[in-house]
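Only one structure is covered here, and it is reproduced in the block below.
Labels below follow one simple rule: chain letters A, B, ... track the order of the sequence lines, proteins then strands, and each chain is numbered from 1. FYI, side chains are in, hydrogens and waters are out, and symmetry mates aren't considered; it's all heavy atoms of this structure. What you see is a predicted model, and the numbers here were worked out from it, not measured in a lab.
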Amino acid sequence: MSEKSLRLDSEVRVRFAPSPTGHLHIGGARTALFNWLFARHHKGTFVLRIEDTDRTRSTEDYIHSIIDGMKWLSLDWDEGPYRQTDRFDVYRKYTDKLLEEGKAYYCYCLPEELERRRKEAMAQGKSPKYDGRCRNVKEPAAGRTPAVRFKMPHEGETVVHDLIRGRIVFENEQLDDLVIMRSDEAPTYNFTVVVDDVDMAITHVIRGDDHLNNTPKQIHIYSALGYEVPLFAHLPMILGADKTRLSKRHGATSVMAYKEMGYLPEALVNYLVRLGWSYGDQEVFTREELIKYFSFENVGKSSAVFNPEKLIWLNSQYMKNTPNEKLVDLVIPFLVKEKVISEDQTVDKEWLSKAITTLKERSKTLLELAYSLRFYITEDIEYDEKARTKFLNEKSRDLLVEVTHSLADLNDFSASKIEEVFMSIVGRHNMKLGNLAQPVRVAITGRTESPGIFEVLEIVGKEKTLKRLYRAIQSIGIKT
RNA sequence: GGUCCCAUCGUCUAGAGGCCUAGGACGUAGCCCUCUCAAGGCUAAAACACGGGUUCGAAUCCCGUUGGGACCGCCA
């Protein structure tokens, strides 16, 4: 379907409508993102609506958690958050209207009975849909509080026009009379979603394709209420590595878990948008590009497997391109968490920024960065055992002594001067730089991998460098 | 079981009937660079699920098969 046939004449209004029965997860975040992108692209309105009609499973904590997740990803909304539990009188009003017009009816069946019948039908290989037995019941069943069911047409067909999938036809015969209001007077999803989308003047319903089968039912509710249907766009699902619906079994699914693991929100957004959407061969996008380029024409139909490897690559790309000043502020909480610094410890941000320069392209996440930063900051470095035996030994002892003396004489402790010192030693002994650099590296960092040794020494500073070199020489012991 | 959706490298994808000897990215392997580790550069292996049509010509259109997924709640 071309963009022209979208309702561009009127203002675009979309919504993200999570149910607070869990944290904001990867799939929900992608749905929110596509809604947000569509709204921003068309300069429309993005509404946040909390679908908390399931009072037994919804919690206040999850509402906050979802909002935190949205904020972390910078998916700002223009209206809301609305809460369906604040709107029960609205649903009641619409339910009464349908009841009066004979478009809905009381159902006295008990949940247990329905459950039993469903199982029986399934066992016999029949469709487990409601049999409509209360449709023509006139007298209330004594001692039972009824639910309200919607009268679904049983003949003809319903056509869903989907922006992504095109025309989809459903036989009405397949539809059953769904409950729109529970016996405790709480309305149900398929009803509230229609009432709210109408009430909030939503023009485009953008949601996961797990809702595709609900759509014909909702279309009948729209028409029973006398409203025009919005446009639908059903997004392909995000699957786990085993190609089933993404869930806890597949590891981290909550958006905030990625924050904890040291991912940048821009990277997650970039990763998520490419799950189902593409723009030629481009992989990395700025927000502005995303808003500019986003269109349903480039949204695919098939489901996508969540691939953590690619996410981590994208994150490393964003790490490299994030300005140091920003990285400094972002990494500090991780330094605290990793106990590299204490909570009340102040750090020299300018110095930290220099250290980060050497590490940012070697760290795939903020957590990794914090971990790598340890040797710059800590007072007592720990030797990796294999590194120690290989490089801090009799063979390197004299070299370490020599370099220590030379460095002690150095007044300008800069990377370039340090390099001169190293080179002159290497030249004197006619050997490769590695023979000197590796023992020093282990002495200073405790490990065999680190940024370039000259810049490391400059950042560690003369005092600490000499201290660590003395300690390394001592650890080798006296020549026997 | 019924209904609906989907099908290009292991994964994300490009592909709008001839530009396809199927392109890019992640990952994997090798090489280069190099004080180590990265980063970066280069190279390689790796896919149109299958079968029928339509057409001069099909990854692309149609049908079927197979495979996968989702939904069928007084959940959303």
Side-chain angles (χ1 to χ4, degrees), chain A residues 17-22 51-54 56-58 107 109-111 114-115 118 121-130 145-149 160 162 165 168-171 173-176 178-184 186-190 192-193 207-216 234 236-237 239 241 243-245 271 274-284 297-298 300-314 316 320 359-364 372 387 391 419 422 426 432-438 440-442 445 447-454:
Chain A
S19 111
T21 52
E51 309 221 326
D52 55 352
T53 58
D54 182 349
T56 58
R57 293 199 301 151
S58 300
C107 173
C109 299
L110 259 22
L114 295 165
E115 182 61 25
R118 241 193 316 275
M122 289 279 250
Q124 291 171 35
K126 285 193 280 194
S127 178
K129 67 179 205 175
Y130 179 65
T145 40
V148 178
R149 280 185 192 272
V160 176
D162 190 277
R165 283 151 218 283
I168 304 155
V169 182
F170 293 84
E171 296 295 329
E173 190 191 347
Q174 299 297 330
L175 276 24
D176 66 348
L178 64 275
V179 169
I180 57 175
M181 186 168 284
R182 302 173 174 94
S183 47
D184 67 355
T188 63
Y189 165 74
N190 276 298
T192 57
V193 73
R207 73 222 314 188
D209 78 5
D210 46 337
H211 289 288
L212 195 48
N213 285 304
N214 287 325
T215 310
H234 287 95
M237 305 247 79
L239 274 21
K243 302 217 175 192
T244 63
R245 199 187 171 127
Y271 178 70
R274 286 284 290 100
L275 246 33
W277 177 84
S278 62
Y279 188 75
D281 283 340
Q282 192 170 341
E283 294 286 350
V284 181
E297 286 186 24
N298 304 320
K301 295 178 184 170
S302 48
S303 43
V305 173
F306 185 82
N307 179 209
E309 305 270 287
K310 187 155 182 181
L311 169 59
I312 208 161
W313 170 77
L314 260 172
S316 67
K320 265 191 297 193
L359 250 18
K360 65 197 280 193
E361 70 182 22
R362 283 160 232 265
S363 309
K364 295 182 190 303
S372 309
F391 293 110
E419 180 168 4
F422 273 63
V426 162
K432 285 188 175 173
L433 177 58
N435 292 333
L436 177 59
Q438 283 303 80
V440 173
R441 174 168 281 117
V442 177
T445 72
R447 317 172 55 86
T448 54
E449 325 85 43
S450 86
I453 193 66
F454 313 126

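- One atom, CZ of A/R245, and another, C1' of B/G68, lie 15 Å apart when rounded to the nearest Å.
- A/F391 does not carry A/R441 over the face of its six-membered ring by the limits of under 6.0 Å from the centre and within 45° of the normal.
- In a base pair of the Watson-Crick type (N1 to N3 plus N6-O4 or O6-N4) or a G-U wobble (N1-O2 and O6-N3), with each distance short of 3.5 Å, B/A14 is matched with no nucleotide.
- Pair check for B/A22 finds none; no Watson-Crick or G-U wobble contact set falls under 3.5 Å.
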Write down the protein N/O and nucleotide N/O pairs, taken from nucleotides 73-75 of chain B, whose separation is under 3.5 Å; answer none if there are no such pairs.
unit_1	atom_1	unit_2	atom_2	d
B/G73	OP2	A/P128	O	3.3
B/C74	O3'	A/R182	NE	3.3
B/C74	O2	A/S183	N	3.0
B/C74	O2	A/S183	OG	3.0
B/C74	N3	A/S183	OG	3.1
B/C74	N4	A/C109	O	2.6
B/C75	OP2	A/R182	NE	2.1
B/C75	OP2	A/R182	NH2	2.3
B/C75	O3'	A/R182	NH2	2.9
B/C75	O2'	A/D54	OD2	2.6
B/C75	O2'	A/R57	NH2	2.8
B/C75	O2	A/R57	NH2	3.3

**Asked** What one-letter contact string describes nucleotides 3-10 of chain B from 5' to 3', where B marks a base within less than 4.0 Å of any protein heavy atom, S marks contact via sugar-phosphate atoms alone, and - marks no contact?
**Response** BSSSS---

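- Here B/G27 sits opposite no nucleotide as a Watson-Crick or G-U wobble pair (both hydrogen-bonding atom distances under 3.5 Å).
- Pairing for B/C4 is with B/G69, a Watson-Crick or G-U wobble pair whose two hydrogen-bonding atom distances lie under 3.5 Å.
- Residues A/R165 and A/L212 meet the side-chain proximity criterion, which asks for heavy atoms closer than 4.5 Å.
- One can place CG of A/L239 at 11 Å from P of B/U11, the figure rounded to the nearest angstrom.
- If you take atom P in B/C4 and the same atom in B/G15, they sit 28 Å apart, rounded to whole Å.
- Every residue meeting the side chain to side chain contact (heavy atoms under 4.5 Å, CB included) condition with A/A387, not counting sequence neighbours, appears here in chain and number order: A/D384, A/V442, A/T448.
- Rounded to an integer number of Å, the gap from CG of A/L433 to C1' of B/C35 is 4 Å.
- Atom CZ in A/R447 sits about 17 Å away from atom C1' in B/C35, given to the nearest Å.
- By the 30° and 60° cut-offs, the orientation of the rings of A/F306 relative to A/Y271 is perpendicular.
- Both distances falling under 3.5 Å, in either a Watson-Crick or a G-U wobble arrangement, place B/C61 opposite B/G53.
- As rounded to whole Å, 13 Å separates atom P of B/U34 from atom CD of A/E419.
- Nucleic acid contact for A/H211: base, since at least one base atom lies under 4.0 Å from a heavy atom of the residue.
- The interatomic distance linking A/R207 (CZ) with B/A70 (P) rounds to 17 Å, in whole Å.
- Counted within 6.0 Å of CZ on A/R447, heavy atoms from surrounding residues, nucleotides or ligands total 12 or fewer; the atom is thus considered open.
- Qualifying ring-ring contact (aromatic ring centres under 6.0 Å, His included) partners for A/F454, counting only residues two or more places apart in sequence or in other chains: A/F422.
- For the pair A/T188/A/R182, a side-chain contact is recorded, criterion being any heavy-atom separation below 4.5 Å from C-beta on.
- Between A/T215 and A/N213, the side chains place no donor N or O within less than 3.5 Å of an acceptor N or O (distance only, hydrogens not considered).
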**Prompt:** Can you give one letter per nucleotide of nucleotides 36-44 of chain B, 5' to 3': B if a protein heavy atom sits under 4.0 Å from the base, S if only from the sugar-phosphate, - if neither?
**Reply:** BBBSS----

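- Figure legend. B/U34 is base-paired to no nucleotide; pairs are counted as Watson-Crick or G-U wobble with both atom distances under 3.5 Å.
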Using nucleotides 15-19 of chain B, report all nitrogen or oxygen pairs with the protein that are shorter than 3.5 Å.
none

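- Counting heavy atoms from C-beta outward, A/V426 and A/K432 have side chains that stay 4.5 Å or more apart.
- One can place CH2 of A/W277 at 17 Å from P of B/C12, the figure rounded to the nearest angstrom.
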